[in-house]
Amino acid sequence: MNILVTGGAGFIGSHLAEYLLEQGYHVLVLDNLSTGRVENITHLLHHAHFEYYEGSLFDADLLEDLVDRAEIIFHLAAAVGVRLIIEDPVWTLETNVRGTEVLLRLAEKDRKRVIISSTSEVYGKSSKRQFSEADDLVLGPTVKSRWGYAASKILDEFLGMAYYRQRGVPVIIFRFFNIVGPRQTGQYGMVLPRFVQQALTGAPITVYGDGQQTRTFTHVRDAVEAMVALAFHPQAAGEIFNIGGTKEISILDLARRVKTLLQSPSPIVFVPYEEAYEEGFEDMRRRAPDLRKIQAWIGFQPKYDLDNIILDVARDLRQRLESEAKK
Ligand code: UDP
């Protein structure tokens with residue numbers, strides 16, 4: 001069976017492609033390398049069941065051909081993260097909204113199953129202890145760029161639900177809560193790869209704000225296994241699922257854990273939000289998923305705990321730093 005992964009050279013996409021190959025599927029990857037990297041999939045390029053196409057969702061003929069050949073489409077091509085939208089809001093909004101729209105239009109022809117990746121950012125600044133799929137989404141004003149990322153993903157979700165209800169396209173939506181692991185880059189602001197890199201290189205570990213904001217962290221391997229299980233679930237069309245972790249940790253405690261575990265001499269420093277992002281930046285004080293739905297549907301139980309995640313990220317980063325040093 002052919003499976004298309006848009007954004008397959010990205011962090012989550014490359015792990016998904018790898019897992020699908022292990023499961024015996026034929027994988028088609030489309031990536032324009034805007035935030036993805038070909039090094040993420042170098043080890044897959046010679047696999048007999050792997051095809052890589054460098055191109056964008058806006059290469060109409062290429063995308064149509066790939067959608068026609070695929071039986072299931074995992075749509076992970078997107079401009080990811082709050083940092084990126086602050087730096088380049090026009091490109092981020094257009095990529096996320098128009099990209100999903102063109103894909104859904106093509107999928108409609110043969111009602112191909114489309115898996116849309118969304119984000120816990122859509123819950124915005126809701127003050128609930130845990131966010132569940134049917135909750136209200138609470139965003140800030142449009143003058144603050146950061147909310148544009150959530151808004152673009154919310155529109156993707158609305159489009160997905162509309163194509164499902166009105167046009168019969170089987171769409172499944174995942175909301176990722178801080179998915180981390182090997183190959184993730186800190187370039188776009190993500191906290192764990194940044195802390196691990198800082199710890200390994202002896203640079204200061206930069207905690208934004210007071211560090212009391214909390215998150216859960218989930219290994220990408222646990223996330224992709226759950227995505228694939230639900231993608232093949234006969235009743236999952238039209239459903240939205242949170243994917244995330246069960247244990248909340250403050251960002252300051254995360255910094256301490258990384259430092260201790262990697263025996264790093266790096267100092268932990270505090271950086272004000274306006275320096276790290278933009279004036280008036282609003283961070284989420286807490287963000288934890290309600291996982292009852294995904295647990296009920298597929299018995300979701302992450303295998304990696306936080307220490308194993310940190311060690312895995314560090315192992316990968318050490319290798320990358322060594323190979324860069326040799327160049
Ligand atoms: N963060 C931090 N230092 C960094 C990068 C991020 O303290 O070098 C904080 C960020 O402000 C947020 C948390 O870590 O409170 C998680 O950030 P990330 O961008 O990884 O994901 P988010 O939860 O914001 O989507």
Side-chain angles (χ1 to χ4, degrees), residues 10-12 35 78-87 92 96 117-127 130-131 137-140 144-154 174-220 223 242-245 247-259 262 264 266-289 306 309-310 313 317:
F11 159 56
I12 299 180
T35 57
V80 177
V82 168
R83 165 82 59 101
L84 201 57
I85 196 150
I86 290 171
E87 284 166 9
T92 306
N96 290 359
S117 57
S118 184
T119 167
S120 54
E121 265 286 306
V122 300
Y123 292 108
K125 43 187 176 175
S126 157
S127 55
Q130 286 184 326
F131 300 146
L137 310 176
V138 189
L139 301 194
K144 292 193 177 162
S145 309
R146 70 107 72 223
W147 299 113
Y149 178 56
S152 72
K153 285 296 187 173
I154 290 174
F174 290 105
R175 292 180 179 160
F176 296 129
F177 284 70
N178 299 81
I179 307 300
V180 292
R183 299 182 207 143
Q184 188 176 35
T185 150
Q187 209 180 331
Y188 306 108
M190 280 67 179
V191 68
L192 191 63
R194 287 173 57 81
F195 281 6
V196 170
Q197 175 145 10
Q198 290 162 343
L200 291 181
T201 57
I205 300 178
T206 54
V207 171
Y208 297 162
D210 63 5
Q212 295 308 311
Q213 67 274 33
T214 64
R215 297 292 187 270
T216 71
F217 293 91
T218 303
H219 195 285
V220 61
N242 286 338
I243 298 190
K247 290 210 176 71
E248 255 179 280
I249 183 169
S250 76
I251 296 302
L252 179 56
D253 284 343
L254 178 71
R256 292 185 177 130
R257 194 69 207 139
V258 168
K259 180 174 158 73
L262 303 181
S264 166
S266 295
I268 294 174
V269 299
F270 292 91
V271 179
Y273 281 120
E274 52 275 18
E275 235 173 77
Y277 298 100
E278 61 180 351
E279 199 58 48
F281 181 82
E282 296 175 79
D283 197 10
M284 250 67 80
R285 291 302 282 173
R286 252 188 120 154
R287 182 197 280 154
L306 185 62
I309 292 175
I310 295 170
V313 170
L317 202 63

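Only this structure's heavy atoms are used, side chains among them; waters, hydrogens and symmetry mates stay out. Throughout, residue positions are numbered sequentially from 1 according to the sequence presented. First listed ligand is number 1; within each ligand, the first listed atom is number 1.
- Listed by chain and number, Asn178, Gly189, Met190, Val191, Arg194, Phe195, Thr206, Val207, Tyr208, Gln213, Arg215, Ile251, Tyr273, Tyr277, Asp283, Arg287 each place a non-hydrogen atom less than 4.0 angstrom from ligand 1.
- Residue pairs meeting the salt bridge (Lys or Arg N to Asp or Glu O under 4.0 Å) criterion with at least one partner in residues 177-193, sequence neighbours excluded, are Glu18-Arg183.
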Using a 3.5 Å cut-off and no angle test, enumerate the donor-acceptor pairs between side-chain atoms of residues 191-200 and protein atoms at least two apart in sequence or in another chain.
| from | atom 1 | to | atom 2 | distance (Å) |
| --- | --- | --- | --- | --- |
| Arg194 | NH2 | Tyr208 | OH | 2.9 |
| Gln198 | OE1 | Thr206 | N | 3.2 |
| Gln198 | NE2 | Thr206 | OG1 | 2.9 |

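- Tyr123 carries Arg175 over the face of its six-membered ring, with the cationic atom under 6.0 Å from the centre and within 45° of the normal.
- Applying the salt bridge (Lys or Arg N to Asp or Glu O under 4.0 Å) rule to pairs touching residues 195-216 yields Asp210-Arg285, Arg215-Asp283, sequence neighbours excluded.
- Remark: Glu248 engages Arg286 in a salt bridge, criterion side-chain N to carboxylate O under 4.0 Å.
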Determine, step by step, whether Lys153 and Glu121 satisfy the salt bridge (charged side-chain N to carboxylate O under 4.0 Å, His left out) criterion, reporting the C-alpha distance in whole Å, the side-chain angles of both residues, the deciding distance to 0.1 Å, and the verdict. CA-CA 8 Å; Lys153 285 296 187 173; Glu121 265 286 306; over 6 Å; no
